[in-house]
Amino acid sequence: MFATENINTLLTYILDNSKLADVGTKKGLGRCMMGMQSGTTSLTPLYTARTVQALMGAVYIDSDGDLEKLHEAMMAIGLLPKPGAQLPV
């Protein structure tokens with residue numbers, strides 16, 4: 001995990017809408033989002049970011065609040081930096 005003094009930096013890094021949108025875009029989330037199949041909805045970064053947030057919320061709820069499962073999901077999609085990685089300032 002991360003040192004306590006890095007928690008604010010880590011939260012800022014994770015919860016940034018541009019970071020969430022970037023992760024969702026890199027993982028091809030748009031192909032799975034409602035309205036994307038027909039091309040009737042514009043895929044905005046904010047829409048993608050909120051979808052990533054919703055997915056992580058679903059993992060948390062579906063796992064009965066298991067933070068380890070949430071951590072695994074966040075690592076799997078690249079939302080968390082790899083252990084030992086330097087956080088952006």
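Quick caveat: nothing in here was measured; it's all calculated off a predicted structure. Throughout, residue positions are numbered sequentially from 1 according to the sequence presented.
Atom CG of D22 sits about 12.0 Å away from atom CG of N17, to the nearest 0.5 Å. In this structure, CD in E72 is found 11.5 Å from CG in L80, a value given to the nearest 0.5 Å. The line from OG1 of T44 to CZ of R50 is 8.5 Å long, rounded to the nearest 0.5 Å.
The side chain to side chain contact (heavy atoms under 4.5 Å, CB included) test applied to S63 returns D66, K69, not counting sequence neighbours. For I61, the side chain to side chain contact (heavy atoms under 4.5 Å, CB included) criterion is met by no residue, not counting sequence neighbours. Take K19 and apply the side chain to side chain donor-acceptor pair (under 3.5 Å) test, not counting sequence neighbours, and it matches Y13.
Closest approach of V23 and G78 over heavy atoms only: CG2-O, 3.8 Å. Taking each heavy atom of P45 and A21 in turn, the nearest pair found is O-CB, 3.3 Å. Nearest heavy-atom pair, V52 versus L29, reported as atom, atom and distance to 0.1 Å: CG2-CD2, 3.7 Å. Contact record, K27 with R31: O-NH2, 4.2 Å, taken as the closest heavy-atom pair.
Side-chain contact between I77 and M56: present, with at least one pair of heavy atoms (C-beta onward) separated by less than 4.5 Å. Under the 4.5 Å side-chain criterion, counting only non-hydrogen atoms from C-beta, M74 is not in contact with V59.
Residue L46 is not grouped with residue L15 when hydrophobic side chains (ILVMFWY) are merged at heavy-atom distances under 4.5 angstrom, including chains of intermediate members.
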